[in-house]
Chemist: 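Sending over a structure as structure tokens; questions will come in a sec.
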Amino acid sequence: MFMEYNFRSIEQKWQKAWSEQGVYKVSNQSAKPKFYVLDMFPYPSGAGLHVGHPLGYIASDIFSRHKRLKGFNVLHPMGYDSFGLPAEQYAIEHGIPPAVSTANNINNFRAQLDRIGFCYDWSREVQTSDASYYKWTQWIFLQLFDSWFNRRSQRAERISTLISLFETEGNTAHECPGNRNLRFGASDWKGFSEREKQDIIMHYRLAYCGYGEVNWCEALGTVLANDEVINGVSERGGFPVVRKKLRQWYLRITEYADRLIAGLETVEFSDSMKEMQTNWIGKSYGAEIDFKIDGAERFLKVYTTRPDTIFGVDFMVIAPEHELVAKITSAGQQKAVDEYLAYVNSRSERERMAEKKITGVFTGAYCVNPFDGKKIPVWISEYVLAGYGTGAIMAVPCGDERDYKFAKHFDISITNIIGDAFNGEDANPTKDAILENSGFLNGMVMRDATDVVLKKLEQEGIGTRRVNYKMRDAAFSRQRYWGEPFPIVWKDGIAVPLPESELPLTLPHLDELKPGPEAEGPLANLDEWKHYDGGIREVNTMPGYAGSSWYFLRYMDPGNDAAFCSREASDYWNQVDLYIGGTEHAVGHLLYSRMWTKALYDLGYVGFDEPFKRLVNQGKIGGDSRLVYRIRGTHEFVSAGLKHQYETDELHVDVNIVNGFELDMNAFKKFKPDYAEATFITEDGKYICGSRLEKMSKRYFNVVNPDDVVERYGADTFRMYEMFLGPVEQDKPWDTKGIEGVHRFLKKVWRLFADEEKGKILVNDHEPTEAQWKALYKMVRKVDEDTERFSFNTAVSAFMIGVNELLDLKTHQRKILEKLAVSLAAFAPHIAEELWHLLGKEGTVLNAQWPAVEEKYLVETAKMYPVAINGKTRTEMSIALDATQEQVEGMVLQDEVVKKWLEGKQPKKIIYVKNKMINLVV
RNA sequence: GCGCAUGUGGCGUAAUUGGUAGCCGCGCCAGACUUAGGAUCUGGUGUCGUGAGACGUGGGGGUUCGAGUCCCUCCAUGCGCACCA
């Protein structure tokens, strides 16, 4: 039949036409208001897409198309985050160069994406591994390298301003972020050698090179950023990670900590997202206090957020790596301390994470409490981290759980400064108790005492207020090949940036990606490349997040060879209005790109300092695995309902050879060679599988490829079904069976336009009835509202309700069908376009206008009110909307059902809420 | 352990502001058309009960004329952080 809904030919036809006509091309010049919708661009992995990946892409695509129909100039681009470790690992294992496998994977991704019918403007595509792109990643790096963060103005400024400050006043007014103890005056500065000057400047740069403890992953042969390490192992691959001191590039993101926190108030991210970022930054207010070491001219500097508890300090704990360990350990304790340090060194990061034993050793040294002269023993323990605060704490066991446990474990006596608030069994971290045993603080509420102590500490010069952050500077180099080379040449130990004219510094070809000497990357093996202009090139490369920290800007002006993005373009497109992506980038990508944007803003290259105005996190789609049960030691498989009668082993089976729960037994025999001889114990001739919801992953054979779904049901069905599954932001399982309902819906739409059996078009030019207008507009309004608030699942439902009604009303009038076709254009663009042309329209439905709702068809004069007696609905009554309380009371009391329930009694009260309900209180 | 979410039919879910709980779809049941059905269409489908009706949004309590929605408490699941002083 030629009038049937042939989605395959329809979708192919329009995808081809759209591409030929360039209908998705977006201009930077337009009289329309702009709207920028962005997807987190993918890393093009070899595995391709499964049905979970496009969820966010479909949502953003629908939203973009909707905005376009509503008269916006919509930027909706896509590209690839194509540098990264997996391509390099793959190259090492299979001998295929990263550039080649990446290109293949990108082609694959593109083909998959194209089949779903996205409205991306592919002329703006970016690939982070493309030299024309990473030229500007390198350029931005150089701007960060040439900048420092002025804490007084709270913004990035050029290094030249820093140098003139040094020349006139030294660094007295600008504490060195890389080395707090560094102090020098203008005359000192003039006396420094060039090398010394450069070393000092390096301590200020926003992109800097330094030595530091990094997360070294031996298996990956590289360092990892903090957010790439999960529970002591690498996020990718789960390999062990150790702390190692290495020369490394960093981004001084800590300087932006306050602005990153403050900026969260200006953007629409979910509360949990904001909270994750806030926690990651981990700002805390406290004090640094110097405790004199008893019998020595040394001080122990501790960081505490609770200076009010200073009289409750029963011991000190310093990190095993603390510099005082070597200096204050008493002769008597030397052996015990050495043994403890050896023990700590033997423990990997992972072991420390896994088993939290209370360990520690006494140094033999004592501190003196500055206020009451009490002697306080100094202990060493691994629970104090060298990298946070000062690497030393004052322990207050009555108020801190860990300190309490430590004191108990080592039998240290506990001073109670909070009276009844401390029960002797558990520490109580309250701030509301009244202080006792606390010298001049006695009788004060702890909360108020804090400031009193701080003032006193400052007066006496033994302590200062201090803000601390959990967040560390971000490691910004990798001992790897497949990343952006640093445009830096080392000359006499000084990092010299390449001039802009030499960018891009292209990644040289390498036949073999083996590591270089001394934990250096593969580039170190390339002698002729390494030696350049009388110096040695930086052989590390940039990490995966370099290119992704600014890609949203490149889309605005992708072809620009003179700038990363013209100010004109970024002023026009401005912030990303809607950013859709997964939560997994909460503390990585989202913080880095926010920081880069802030730096570019400070330097005057863009006019906004938050990149993403609104962020929506799509949920994950889980796999619905199918299980078969093999009788142990045999090739016989037993159906799920009978498995308890046997001893069985549970095995995953490919979900694609199972219909619902029924196994295709012939396909199963071909699934794996082992199963060729399989026999089955069935239930009524059917083999029923077990099921389990788990991650969608190859290893569970529960991966559903969008290509297969599109092939079977079409892209429009696939798009609408993904949305119909539930709220975008929610995690949910994939169930292919349910897709039939959505497919049926599209066929119903088709039947409004054409009769499949008789093979003719049904569209006529009659005037629609009021009921038909009402059904249409109700639907149009709901779809519009729901789409605007990202409630795509209810929008699909509104379509279904609307079309069911129109079908019941035998609606074939052109006036209605035109508007229906337009309203569908965002969700099911292919069928919408086909129907648009079937109605004889020109051009593309993409450029149509969203139908304006004619209110007159939606006004109601009466409503069916639920009538409740004592809150329980007993009947319904149709009542005019403008009825008064008296009229309603009269009508209600006449009603037979109401009379029955009143049993002759007078209602105490009749509640009538207009347009809602009626309730009688008896 | 701390923080944040989320708990509604057999399943995915709906109820935008405290106002008819279960829309829409899957599945299931019955029927129609059919050589056939994993096609299409029609009707039914929260639970208990023959029925009138009763019960029902994780459990318990509260506020209210009225609670899935607000408050208290407990439980379960998911996510994030986890010696951060």
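Quantities reported herein were computed from a predicted structural model and do not represent experimental measurements. Numbers restart at 1 for each chain; the letters A, B, ... are given by sequence-line order, proteins then strands. Note that these values count all heavy atoms, side chains included, but never hydrogens, waters or copies made by symmetry.
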Chemist: What nucleic acid atoms does A:Arg781 come within less than 4.0 Å of, heavy atoms only: base, sugar-phosphate, or nothing?
Modeler: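 A:Arg781: no heavy atom of the nucleic acid under 4.0 Å.
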Chemist: Side-chain contact test, heavy atoms from C-beta onward, threshold under 4.5 Å: evaluate it for A:Met877 versus A:Met864 and give yes or no.
Modeler: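 They are not in side-chain contact.
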Chemist: With sequence neighbours excluded, what pairs up with A:Phe753 under the ring pair (Phe, Tyr, Trp, His ring centres under 6.0 Å) test?
Modeler: none
Chemist: Rounding to an integer number of angstrom, what distance separates B:G25 and B:U17 when you compare their P atoms?
Modeler: 25 Å
Chemist: How would you list, by chain and number, every residue that makes a ring pair (Phe, Tyr, Trp, His ring centres under 6.0 Å) with A:Phe63, sequence neighbours excluded?
Modeler: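 With neighbours one apart ignored, the set is A:Phe35, A:Phe790.
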Chemist: Rounded to whole Å, how long is the line connecting atom NZ of A:Lys405 with atom C1' of B:A85?
Modeler: 15 Å
Chemist: How many whole angstroms separate atom CD of A:Glu729 from atom P of B:G78?
Modeler: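 Nearest whole value for this atom pair: 21 Å.
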Chemist: For residues 736-748 of chain A, which residues have at least one heavy atom under 4.0 Å from RNA chain B?
Modeler: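 Contacting residues: A:Gly738, A:Gly741, A:Arg744, A:Lys747.
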Chemist: Remember a base hit wins even if backbone is also touched, and classify A:Arg466 as base, sugar-phosphate or nothing at under 4.0 Å, heavy atoms.
Modeler: nothing
Chemist: Give A:Asp400 one of three labels, base, sugar-phosphate or nothing, depending on what nucleic acid heavy atoms sit under 4.0 Å from its own.
Modeler: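 The answer is nothing, as A:Asp400 stays clear of every strand by at least 4.0 Å.
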Chemist: Looking only at side-chain atoms of A:Phe724, point me to the closest of B:C83, B:G25, B:A85.
Modeler: B:G25
Chemist: Tabulate atom names and distances for all N/O pairs under 3.5 angstrom spanning the protein and nucleotides 2-5 of chain B.
Modeler:
unit_1, atom_1, unit_2, atom_2, d
B:G3, O2', A:Glu275, OE2, 2.0

Chemist: A:Tyr285 has an atom OH; how far is it from atom C1' of B:A85, in whole Å?
Modeler: 17 Å
Chemist: A:Phe410: which residues meet the ring pair (Phe, Tyr, Trp, His ring centres under 6.0 Å) condition with it, sequence neighbours left out?
Modeler: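 Once residues adjacent in sequence are excluded, the partners of A:Phe410 under the ring pair (Phe, Tyr, Trp, His ring centres under 6.0 Å) criterion are A:Trp379, A:Phe406.
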Chemist: Looking only at side-chain atoms of A:Pro733, point me to the closest of B:A21, B:G12, B:A85.
Modeler: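 From the listed options, B:G12 comes nearest.
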Chemist: Both A:Thr873 and A:Lys909 contact RNA chain B. Which one's nearest nucleotide lies toward the 5' end?
Modeler: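 Residue closer to the 5' terminus by nearest nucleotide: A:Thr873.
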Chemist: Mind checking side chain to side chain contact (heavy atoms under 4.5 Å, CB included) for A:Val742 and listing every partner two or more places apart, or none if nothing turns up?
Modeler: A:Thr717, A:Met720, A:Tyr721, A:Phe724, A:Met800
Chemist: How does protein contact run along nucleotides 14-19 of chain B, one letter per nucleotide 5' to 3', with B for base contact, S for sugar-phosphate only, - for none, heavy atoms under 4.0 Å?
Modeler: SSB--B
Chemist: From the list B:C83, B:A85, B:G25, which nucleotide is the closest neighbour of the side chain of A:Met800?
Modeler: B:G25
Chemist: Kindly write out the residues that satisfy side chain to side chain contact (heavy atoms under 4.5 Å, CB included) with A:Pro727, not counting sequence neighbours, or none if the list is empty.
Modeler: A:Gln730, A:Asn793
Chemist: Is the number of heavy atoms from other residues, nucleotides or ligands under 6.0 Å of A:Lys695 NZ greater than 12?
Modeler: no
Chemist: When the C1' atoms of B:C75 and B:G60 are considered, how many whole Å apart are they?
Modeler: 10 Å
Chemist: Looking at A:Arg874, I'd like to know whether one of its side-chain N or O atoms comes within less than 4.0 Å of OP1 or OP2 on B:A54.
Modeler: yes
Chemist: When the C1' atoms of B:G43 and B:C48 are compared, how many Å lie between them, rounded to an integer?
Modeler: 24 Å
Chemist: Can you tell me how far P in B:G68 sits from the matching atom in B:G7, rounded to whole Å?
Modeler: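 That atom pair is separated by 14 Å.
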Chemist: May I have the step-by-step check of ring pair (Phe, Tyr, Trp, His ring centres under 6.0 Å) for A:Phe827 and A:Phe799, ending in yes or no?
Modeler: CA-CA 10 Å; A:Phe827 284 77; A:Phe799 272 124; 5.4 Å; yes
Chemist: Going by side chain to side chain contact (heavy atoms under 4.5 Å, CB included), A:Met316 matches just one of A:Val378, A:Leu324, A:Thr363. Which one?
Modeler: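 That would be A:Val378; it is the only one of A:Val378, A:Leu324, A:Thr363 passing the side chain to side chain contact (heavy atoms under 4.5 Å, CB included) with A:Met316.
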Chemist: List for me each residue that meets ring pair (Phe, Tyr, Trp, His ring centres under 6.0 Å) alongside A:Tyr388, sequence neighbours excluded, and say none if there are none.
Modeler: none
Chemist: Quick one: on RNA chain B, does A:Arg306 or A:Met864 contact a more 5' nucleotide (nearest heavy atom)?
Modeler: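 Taking each residue's closest nucleotide, the earlier one in sequence belongs to A:Met864.
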Chemist: If the C1' atom of B:U57 is compared with that of B:G18, how far apart are they to the nearest Å?
Modeler: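 Taking atom C1' in both B:U57 and B:G18, they lie 15 Å apart.
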Chemist: Test A:Thr811 against every option in A:Leu776, A:Leu762, A:Val803, A:Leu806 by the side chain to side chain contact (heavy atoms under 4.5 Å, CB included) rule and name the one that passes.
Modeler: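 It is A:Leu806; the other options fail the test.
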Chemist: Establish, from distance only, whether the side-chain atoms of A:Asn468 and A:Tyr285 form a donor-acceptor pair under 3.5 Å.
Modeler: no
Chemist: Rounding to an integer number of Å, can you tell me how far A:Glu401 CD sits from B:C83 C1'?
Modeler: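 Those two atoms, CD and C1', are 12 Å apart.
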Chemist: Quick one: does any side-chain atom of A:Gln277 pair with a main-chain N or O of A:Ala586 as donor and acceptor, under 3.5 Å?
Modeler: yes
Chemist: Give one of base, sugar-phosphate or nothing for A:Val384, where a contact means two heavy atoms less than 4.0 Å apart.
Modeler: base
Chemist: Between atom OH in A:Tyr721 and atom C1' in B:C24, what is the gap in whole Å?
Modeler: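 The distance from OH of A:Tyr721 to C1' of B:C24 comes to 13 Å, rounded to the nearest Å.
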Chemist: Quick one: stems for RNA chain B, with Watson-Crick or G-U pairs under 3.5 Å, at least three in a row?
Modeler: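 In RNA chain B, stems of three or more pairs: B:1-7 with B:75-81, B:10-12 with B:24-26, B:27-32 with B:40-45, B:46-48 with B:53-55, B:58-62 with B:70-74.
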Chemist: Between B:G19 and B:A54, how many Å separate the two P atoms, rounded to a whole number?
Modeler: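 Their P atoms lie roughly 23 Å apart.
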Chemist: Roughly how many Å is it from CG in A:Asp403 to P in B:G1, rounded to a whole number?
Modeler: 20 Å
Chemist: Just to verify, what does A:Glu275 make a side chain to side chain contact (heavy atoms under 4.5 Å, CB included) with, not counting sequence neighbours?
Modeler: A:Asn279
Chemist: Between B:A85 and A:Tyr388, is there an OP1 or OP2 to side-chain N/O distance shorter than 4.0 Å?
Modeler: yes
Chemist: Taking atom C1' in both B:C11 and B:A82, compute the distance separating them and give it to the nearest angstrom.
Modeler: 36 Å
Chemist: Taking salt bridge (Lys or Arg N to Asp or Glu O under 4.0 Å) as the definition, give me every residue that meets it alongside A:Lys863, ordered by chain and number, with sequence neighbours left out.
Modeler: none
Chemist: Indicate syn or anti for B:G9, taking the glycosidic torsion and treating anything within 90° of 0 as syn.
Modeler: syn
Chemist: For A:Lys810, is there an ion pair with A:Asp808 - N to carboxylate O distance below 4.0 angstrom?
Modeler: no
Chemist: Base, sugar-phosphate, or nothing for A:Leu725, non-hydrogen atoms under 4.0 angstrom?
Modeler: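 Counting heavy atoms under 4.0 Å across all strands, the contact made by A:Leu725 is with sugar-phosphate only.
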Chemist: When you get a sec, tell me which of B:C83, B:G12, B:C81 is the closest nucleotide to the side chain of A:Lys470?
Modeler: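 Nucleotide nearest to A:Lys470's side chain: B:C81.
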Chemist: Using whole Å, what does the distance between atom C1' of nucleotide B:A85 and atom NZ of A:Lys431 come to?
Modeler: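 Rounding to the nearest Å, NZ of A:Lys431 and C1' of B:A85 are 12 Å apart.
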Chemist: Does the side chain of A:His743 pick up a donor-acceptor pair with the side chain of A:Asp716 at under 3.5 Å?
Modeler: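 No, no side-chain donor-acceptor pair sits under 3.5 Å.
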Chemist: Sticking with atom P, work out how far B:G22 lies from B:G56, rounded to a whole angstrom.
Modeler: 15 Å
Chemist: Rounded to whole Å, how long is the line connecting atom OH of A:Tyr912 with atom C1' of B:U20?
Modeler: 16 Å
